[in-house]
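Presented below is the structure to which this report refers.
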Amino acid sequence: MSRYDPAVIEPKWQKAWDKAGCFTVRHDPNRPKYYVLEMFPYPSGRIHIGHVRNYTMGDVVARYKSSCGFSVLHPMGWDAFGMPAENAAMERGGHPKDWTYGNIAVMRDQMKPLGLSIDWSREFATCDPDYYGQQQSMFIDFMEKGLVYRKNAVVNWDPVDMTVLANEQVIDGKGWRSGAEVERRELTQWFFKISDFAEDLLEAIDGLDKWPEKVRTMQRNWIGKSRGLQMGWDLTAPHGGFDRIEVYTTRPDTLMGASFLGISPDHPLARALEAERPEVAAFCAEARKGGTTEEAVETAEKLGFDTGLTVKHPLDPTWEIPVWIANFILMDYGTGAIFGCPGHDQRDHDFCRKYGLPIVDTFLPMEGDWDIGAEPFVPLKSEGVRYTRGFAGDEVQTGDAAVDAAIAHAEAAGYGTGVTKFRLRDWGLSRQRYWGCPIPVVHCEACGVVPEKKENLPVELPDDVSFDKPGNPLDRHPTWREVACPACGKPAKRETDTMDTFVDSSWYYARFTAPHAKTPTDMDEAKYWMNVDQYIGGIEHAILHLLYSRFFARAMHICGHLPAGAIEPFDALFTQGMVTHEIYEVPYHIVDGREVLGHSPINSDIPTRYRYLYPEEVVVFTYDGARHALLRSEVDAAGIDKLNPDALINFKTSQKHTRVEVRPPTKMSKSKKNVVDPMDIIARYGADTARWFVMSDSPPERDVEWTAAGADATQKHLARVWRLASEIGEKPGAAAEDEALLKAMHRAIADVTQGIEGFAFNKAVAKLYEFTNTFAKSNASQDARRQAMRTLAQLMSPMVPHLAEDIWAMTGGEGLVAKAPWPRADEAMLAEDNVTLPIQINGKRRAEISVPKDMPPAEVEKIVLADEAVVKALAGAAPKKLIVVPGRIVNVVI
RNA sequence: GCCCGGGUGGCGGAAUGGUAGACGCAGAGGUCUCAAACACCUCCGGUGCAAGCCGUGCGGGUUCGAGUCCCGCCCCGGGCACCA
């Protein structure tokens with residue numbers, strides 16, 4: 001007897017799709033287009049189950065839309081530049097290029113058996129010279145339009161390795177390799193003028209109505225439009241050529257609560273003082289320690305240095321306020337100087353308490369008291385408060401009103417100007433690294449910074465580089481830098497910075513519309529295919545990638561590479577949850593140049609380091625509610641039952657073993673080794689089981705902690721459907737039962753369609769289970785069952801396309817299910833005559849009645865009041881209230 | 001620290017302010033079988049003999065009615081501009 005055999009049917013149908021050219025799309029003006037795109041993967045080495053989940057979601061949409069008659073573009077590529085390739089080269093030797101293309105080949109081979117409806121003819125990697133050459137060409141266009149410039153910016157500097165570190169490479173304020181304390185240092189860097197678009201990027205968010213609200217909120221907050229006061233504070237005694245300090249504040253209403261004026265260690269005045277006084281230099285050096293992230297700056301211990309200088313308060317020239325240098329003020333933000341108001345700001349409060357500066361309130365709650373010395377009072381700006389040291393506006397007003405009044409006051413009195421500012425900073429794209437797109441400019445002594453000529457593009461990365469030393473290999477390459485100036489022809493030097501990999505991913509969606517064009521895009525193709533109708537990706541990209549892409553689309557439009565309609569490139573966005581897994585770490589110490597694994601150090605001065613382990617390297621168990629792990633090799637050697645927690649905990653507490661720490665689940669990531677290879681499941685059960693499994697149960701937007709438990713049952717279900725299809729001819733059935741089955745079928749069409757449209761794949765799957773159960777119990781005629789099964793196969797086809805084709809063929813479907821039109825639910829078949837109404841007594845369900853769907857409320861009331869449970873509860877009295885919600889519920893209030 | 005999410009049975013989860021737990025997993029019992037596998041049937045939040053009572057992270061509130069709305073917390077996750 002034949003049975004469901006994915007190993008046979010999956011390759012068979014994949015060949016059939018290829019032969020029919022199902023997924024190779026062409027520009028077809030006669031059909032509506034649909035562009036579905038999942039965020040392309042970084043080629044880390046092997047795919048993990050998170051990729052399967054992500055790409056199956058996209059495939060469900062792509063296949064569904066295709067069935068609905070759209071010409072569907074569903075491409076795939078590789079976000080292939082980035083640090084891991086260089087790290088691999090450092091650790092294992094070899095070249096980033098070989099590592100990257102090798103990984104791409106492996107991952108492509110792993111993805112193909114999944115049966116994704118991808119147009120592989122459009123595939124590219126961002127590290128292909130053809131792609132990054134077009135990117136360089138656009139960079140030059142952006143330069144011409146004034147969208148690119150250079151300025152100083154802070155970087156993480158490793159003073160031992162003499163190199164710039166990524167934030168990821170700064171661990172607890174120390175360099176990951178050298179262990180040296182990292183410092184913030186300024187460097188000349190390339191920037192994109194994204195700030196020119198701040199207002200537009202903010203306003204256009206309103207139009208992104210098919211984006212998740214949370215992403216829109218995050219982007220709005222990130223851009224951070226604020227109205228504030230720009231003002232000068234005159235120094236009591238001018239110093240070193242400075243006579244005033246410019247400050248921007250969003251809380252000018254708290255001006256009377258100022259306790260100090262704080263400047264960044266990189267403020268020009270601080271720099272001047274640094275040159276004069278060694279103690280200032282020493283403080284600034286200390287204050288620059290630590291990483292550049294906002295988190296590091298915000299959470300570092302607040303340090304201040306009293307410069308001895310004072311400024312005059314603009315509202316009271318006799319009031320002198322001290323000028324401090326503080327480590328939590330960055331030169332990148334605002335003017336690099338703030339006034340500290342400890343009464344209404346936690347950070348300033350901490351600072352003033354620490355250094356004994358005065359703390360006063362400028363406003364208090366409407367009612368009650370507030371101990372301002374103990375805790376700052378920080379209400380929402382929209383709340384009304386009572387001003388105790390107000391100088392503009394009413395005594396009682398909201399913070400917002402007071403800010404407006406203070407700005408008006410400052411402008412009238414002439415000590416400041418109302419200014420709108422954005423939190424959004426320009427996009428620093430320089431990276432001092434090899435494996436990225438070279439910035440196509442040349443530095444000429446005579447001509448300055450000159451763009452490379454377009455006919456010389458791409459500026460290709462040299463292959464002969466080594467990674468044995470820290471720093472950028474392009475910098476120390478013997479010949480690559482040497483080049484003729486594109487303007488004057490004299491010897492000049494190439495720029496050695498490469499571009500942030502976010503640049504690569506900011507326009508790939510546009511390149512997919514014409515991946516082989518000799519220009520960045522082909523306008524005809526871009527006009528037809530853009531925008532991306534449905535973009536799918538992780539919530540971790542909610543801000544940076546999506547904001548940069550929105551900027552890039554605008555810049556590309558200005559340079560003639562995208563039509564005006566494509567400046568918001570993603571019509572609809574869906575953010576899928578992450579697949580998470582526990583992390584296993586083994587502590588180790590370096591003793592006498594040797595690694596000692598998993599034990600406590602003899603000498604506590606020896607720092608503990610951690611190395612990650614793959615899930616398959618450990619045995620994990622729960623004991624007393626706590627998670628424990630042991631090395632698999634040690635458990636095997638000891639011959640212990642891996643499923644017996646008692647035996648395992650006994651081993652862990654009494655035997656010599658290597659310590660393994662279990663960390664809570666986080667997003668699967670190759671670098672943390674908490675990845676699960678889906679290839680086992682695919683090899684064992686087939687792609688359809690893997691696809692159905694990742695689509696069932698969990699809502700797509702939610703994170704899921706990975707477990708393979710249930711994969712067996714998933715395959716059993718698919719085998720059951722296949723068997724039900726194959727057995728249709730075995731019993732005659734009765735036409736009298738046809739209507740019930742066909743009604744259920746139409747119900748399923750409606751529900752599954754709604755599930756897919758609404759990205760509720762788990763609910764669509766639940767409805768498919770329900771319909772399968774109804775089908776299995778049905779004794780309808782063979783014709784009706786064959787029709788129902790064909791429809792079931794179609795409804796399942798976006799999730800399990802191979803199985804669906806097999807059943808489709810088995811039940812007499814014409815051609816490929818991949819090409820068949822999506823079924824439509826017949827409204828007449830969905831109508832229900834009767835409804836069940838629950839009866840509540842005082843909000844608790846006590847009975848239920850079945851009534852015609854459109855029975856008038858007055859009639860329903862009669863039936864309810866005659867109901868046994870209601871009569872008993874009323875005990876002769878009249879109800880206080882009777883609420884009838886037609887078609888939903890009845891509540892009797894007694 | 002700041003911004004944004006999430007928290008419902010043993011587990012994944014469902015529920016336009018209207019019957020909490022659809023559907024699935026795991027588990028228990030049964031039918032079939034010489035036996036097993038497969039398949040099929042029944043049960044399956046807690047407590048209680050039952051009627052019932054309790055129950056959606058915690059504490060308040062609004063409402064005829066709250067998992068859902070409001071206020072205040074706790075815990076977990078994402079982002080914080082050089083991980084991608």
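In what follows, every heavy atom counts, from backbone to side chain, and hydrogens, waters and symmetry copies are set aside. Residue numbering restarts at 1 for every chain, and letters A, B, ... go by the order of the sequence lines.
- Among the protein residues, A:K844 comes within range of the sugar-phosphate backbone only, with heavy atoms under 4.0 Å from sugar or phosphate atoms but none that close to a base.
- A straight line from CZ of A:F693 to C1' of B:C11 spans 12 Å, rounded to a whole angstrom.
- Expressed to the nearest 0.5 Å, how far CG of A:L547 lies from CZ of A:F502 amounts to 10.5 Å.
- Around atom NZ of A:K872, no more than 12 heavy atoms belonging to other residues, nucleotides or ligands sit under 6.0 Å away.
- Base-pair partner of B:U63: not found among the strands shown (Watson-Crick or G-U wobble, both distances under 3.5 Å).
- Distance, A:R216 CZ to B:C3 C1': 17 Å, rounded to whole Å.
- Between the side chains of A:N674 and A:E582, no donor-acceptor pair is found at a separation under 3.5 Å.
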In residues 290-297 of chain A, what donor-acceptor pairs under 3.5 Å come from side-chain atoms, sequence neighbours left out?
unit_1, atom_1, unit_2, atom_2, d
A:T292, OG1, A:N156, OD1, 3.3
A:T292, OG1, A:N167, OD1, 3.2
A:T293, OG1, A:A296, N, 3.0
A:E294, OE1, A:Y333, OH, 3.3
A:E294, OE1, A:R423, NH1, 3.4

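- When each of A:T707 and A:A80 is assigned the nucleotide of RNA chain B with its nearest heavy atom, A:T707 is the one assigned upstream, toward the 5' end.
- Base pairing annotation: B:C75 forms a Watson-Crick or G-U wobble pair with B:G6, both donor-acceptor distances under 3.5 Å.
- A:Q189 comes within 4.0 angstrom of a base, heavy atoms only.
- Which of B:G1, B:A22, B:C53 sits closest to the side chain of A:E770 comes down to B:A22.
- Checking B:A50 for Watson-Crick or G-U wobble geometry (two distances, each under 3.5 Å) identifies no partner in any strand.
- The distance between the ring centers of A:F192 and A:Y149 does not fall below 6.0 angstrom.
- With a cut-off of 3.5 Å on both Watson-Crick or G-U wobble distances, the partner of B:A15 is given as none.
- A:Y548 and A:D500 share no donor-acceptor pair across their side chains, judged by distance under 3.5 Å alone.
- Annotation: B:C25 and B:C43 have their P atoms spaced 16 Å apart (nearest Å).
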Checklist entry - Base, backbone or nothing for each nucleotide of nucleotides 56-66 of chain B, written B, S, -, heavy atoms under 4.0 angstrom, 5' to 3'? => result --------BS-
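- Counting heavy atoms from C-beta outward, A:Q135 and A:V503 have side chains that approach closer than 4.5 Å.
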For residues 756-776 of chain A, run the donor-acceptor check on the side chains, cut-off 3.5 Å, and write out each pair with its distance to 0.1 Å, sequence neighbours left out.
unit_1, atom_1, unit_2, atom_2, d
A:E757, OE2, A:Y64, OH, 2.5
A:N762, ND2, A:D697, O, 3.4
A:Y769, OH, A:W692, NE1, 3.3
A:T772, OG1, A:L768, O, 2.6
A:N773, OD1, A:R720, NH1, 2.9
A:N773, ND2, A:Y769, O, 3.4
A:T774, OG1, A:E770, O, 3.1

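- Spacing between atom CG of A:L330 and atom C1' of B:C2 amounts to 14 Å, rounded to whole angstrom units.
- With a cut-off of 3.5 Å on both Watson-Crick or G-U wobble distances, the partner of B:U68 is given as none.
- Taking atom C1' in both B:G18 and B:G65, the straight-line distance is 7 Å, to the nearest Å.
- At the heavy-atom level, A:P699 lies under 4.0 Å from the strands shown only through sugar-phosphate atoms.
- Within 4.0 Å of A:Q346, counting heavy atoms only, lies no atom of the nucleic acid at all.
- For A:K214, whose side chain is taken as the heavy atoms from C-beta onward, the closest listed nucleotide among B:G18, B:C4, B:C23 is B:C4.
- Between the P atoms of B:G48 and B:C58, the separation comes to 22 Å (whole Å).
- Using a 4.5 Å heavy-atom cutoff, the side chains of A:T496 and A:Q432 are not in contact.
- The 5' end of RNA chain B is approached more closely, in terms of each residue's nearest nucleotide, by A:N221 than by the other of A:N221 and A:R845.
- The partner of B:U42 is B:A28, judged by Watson-Crick or G-U wobble contacts that both fall below 3.5 Å.
- Comparing the P positions of B:C83 and B:G78 gives a spacing of 15 Å, expressed to the nearest Å.
- Among the atoms of the strands shown, only primed sugar atoms or phosphate atoms (P, OP1, OP2) are found under 4.0 Å from some heavy atom of A:A713.
- Across all strands shown, A:V155 has heavy atoms under 4.0 Å from base atoms, whether or not it also approaches the sugar-phosphate.
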Checklist entry - What one-letter contact string describes nucleotides 38-51 of chain B from 5' to 3', where B marks a base within less than 4.0 Å of any protein heavy atom, S marks contact via sugar-phosphate atoms alone, and - marks no contact? => result SSSS----------
Taking only nitrogen or oxygen atoms into account, show me every contact under 3.5 Å that the protein makes with nucleotides 74-81 of chain B, one pair per line with its distance.
unit_1, atom_1, unit_2, atom_2, d
B:G77, O2', A:D703, OD2, 3.2
B:C80, O2', A:E294, OE1, 3.4
B:C80, N4, A:E295, OE1, 3.2
B:A81, OP2, A:E294, N, 3.0
B:A81, N7, A:R425, NH1, 3.4
B:A81, N6, A:R423, O, 3.0
B:A81, N1, A:R425, N, 2.9

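- Among the heavy atoms of the strands lying under 4.0 Å from A:V164 is at least one base atom, whether or not backbone atoms are also near.
- A distance of about 27 Å separates the C1' atoms of B:U8 and B:C3, rounded to the whole Å.
- Spacing between atom CD of A:E701 and atom C1' of B:G5 amounts to 11 Å, rounded to whole angstrom units.
- Between the C1' atom of B:A14 and the CG atom of A:L768 lies a distance of 15 Å, rounded to the nearest Å.
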Checklist entry - For A:H51 and A:M107, what are the C-alpha separation, side-chain angles and deciding distance, and is it a side-chain contact (heavy atoms from CB on, under 4.5 Å)? => result CA-CA 10 Å; A:H51 292 114; A:M107 290 173 76; 4.0 Å; yes
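- Centroid-to-centroid, the aromatic rings of A:Y508 and A:F40 come within less than 6.0 Å.
- Residues from residues 756-764 of chain A lying near RNA chain B, meaning a heavy-atom separation below 4.0 Å, are A:N762, A:K763 in numerical order.
- Looking only at atom types and distance, the side chain of A:D158 has no donor-acceptor partner in the side chain of A:T163 under 3.5 Å away.
- Using a 4.0 Å cut-off between a side-chain N of Lys or Arg and a carboxylate O of Asp or Glu, A:D712 and A:K716 do not qualify as a salt bridge.
- A donor-acceptor pair under 3.5 Å is absent between the side-chain atoms of A:D703 and the main chain of A:G577, judged by distance alone.
- Classified by its glycosidic torsion, B:G9 falls in the syn category, the angle being within 90° of 0.
- Taking side-chain N and O atoms only, A:T501 has a distance below 4.0 Å to OP1 or OP2 of B:A84.
- Atom CG in A:D697 sits roughly 5 Å away from atom C1' in B:G12 (whole-Å rounding).
- Side-chain atoms of A:S195 and A:F197, non-hydrogen and from C-beta on, never get closer than 4.5 Å to each other.
- Counting only N and O atoms by type, the side chains of A:Y131 and A:W78 include no donor and acceptor under 3.5 Å apart.
- A:I841 has its CD1 atom 10 Å from the P atom of B:G52, to the nearest Å.
- B:G1 is paired with B:C80 under the criterion used here, namely a Watson-Crick or G-U wobble arrangement in which both key atom distances are under 3.5 Å.
- Between the CD1 atom of A:I583 and the P atom of B:C83 there is a distance of 17 Å, given to the nearest Å.
- Taking the six-membered ring for Trp and thresholds of 30 and 60 degrees, A:Y132 and A:F81 have ring planes inclined between 30 and 60 degrees apart.
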